[in-house]
Visitor: 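After the structure tokens below, expect a handful of questions from me.
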Amino acid sequence: MELYSRSVRRSRFAIGTGGIHQASVPKYLEYACLGTPMIGATLPYEFPWLDQCVFPIDGLRVTREELPEKLKAALELQPKLRQNCLELRDTLLRMYHPTRIIEMAQGQMDGQPIPPGYLREGVA
């Protein structure tokens with residue numbers, strides 16, 4: 001576990017390739033809390049904070065010719081994206097603490113909406 005965490009922290013980026021990555025993967029939390037920004041698509045419904053930690057590249061729509069310039073731009077932004085991840089760490093650890101998630105699930109069972117910050121605007 002320590003070797004894995006050290007490898008993630010040393011990485012410039014984690015790469016989200018779509019598929020299951022767009023279905024609320026806890027890995028996004030892990031990467032952000034370790035200060036590793038991501039390259040790939042943002043999630044359509046959840047994690048609005050992710051926009052501060054991801055360099056958006058749509059792997060299905062980017063052309064071979066566009067990719068080198070996009071990756072160059074991502075590397076230029078990497079220090080800022082890493083800083084964004086680290087600044088979000090305490091907030092994310094509070095938001096996704098197991099006790100908080102259980103309380104939120106109980107609230108949903110009691111008919112309460114999901115609190116702000118978990119879903120993108122306009123998602124019910």
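Nothing here was measured: the structure is a model prediction, and the numbers come from that model.
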Visitor: Kindly give the heavy-atom pair with the smallest separation between Ala32 and Trp49, and that separation in Å.
Guide: CB-CZ3, 3.9 Å

Visitor: Show your reasoning for whether side chain to side chain contact (heavy atoms under 4.5 Å, CB included) applies to Leu50 and Leu43.
Guide: CA-CA 8 Å; Leu50 184 61; Leu43 294 173; 4.1 Å; yes

Visitor: Please report the closest heavy-atom contact between Arg82 and Arg9, naming both atoms and the distance.
Guide: NH1-O, 3.2 Å

Visitor: Walk me through whether Leu93 and Cys33 qualify under side chain to side chain contact (heavy atoms under 4.5 Å, CB included).
Guide: CA-CA 8 Å; Leu93 290 174; Cys33 287; 3.9 Å; yes

Visitor: From Tyr31 OH over to Met38 CE, what is the distance, rounded to the nearest 0.5 angstrom?
Guide: 8.5 Å

Visitor: Show the numbers, then the answer: is there a side chain to side chain contact (heavy atoms under 4.5 Å, CB included) between Phe55 and Lys80?
Guide: CA-CA 11 Å; Phe55 185 88; Lys80 176 63 177 155; over 6 Å; no

Visitor: Could you state the interatomic distance from CZ (Arg94) to CZ (Arg100), rounded to the nearest 0.5 Å?
Guide: 11.5 Å

Visitor: Go through the steps for Lys27 and Glu30 under the test salt bridge (charged side-chain N to carboxylate O under 4.0 Å, His left out), then give the verdict.
Guide: CA-CA 5 Å; Lys27 288 288 186 190; Glu30 179 181 308; 3.5 Å; yes

Visitor: For the pair Asp58 (side chain) and Leu60 (backbone), establish whether a donor and an acceptor sit closer than 3.5 Å, ignoring hydrogens and angles.
Guide: yes

Visitor: Check Ser11 against Thr36 and note the closest heavy-atom contact, atom names and distance.
Guide: O-CG2, 3.8 Å

Visitor: Provide the closest heavy-atom pair for Thr42 versus Arg120 in the form atom of the first, atom of the second, distance.
Guide: CB-NH2, 3.4 Å

Visitor: Could you go through Tyr118 and Phe47, starting from their C-alpha distance and side-chain angles, then the distance that decides it, and tell me whether this counts as ring-ring contact (aromatic ring centres under 6.0 Å, His included)?
Guide: CA-CA 6 Å; Tyr118 292 90; Phe47 299 171; 8.8 Å; no

Visitor: Locate the shortest heavy-atom distance separating Ile39 from Ile57; write the atom from each residue and the value.
Guide: CG2-CD1, 3.7 Å

Visitor: Whether the side chain of Gln78 engages the backbone of Arg12 through a donor-acceptor N/O pair (distance < 3.5 Å, no angle test) should be reported.
Guide: yes

Visitor: Tell me, with the steps shown, if Leu75 and Lys72 meet side chain to side chain contact (heavy atoms under 4.5 Å, CB included).
Guide: CA-CA 5 Å; Leu75 284 174; Lys72 182 180 176 185; 5.9 Å; no

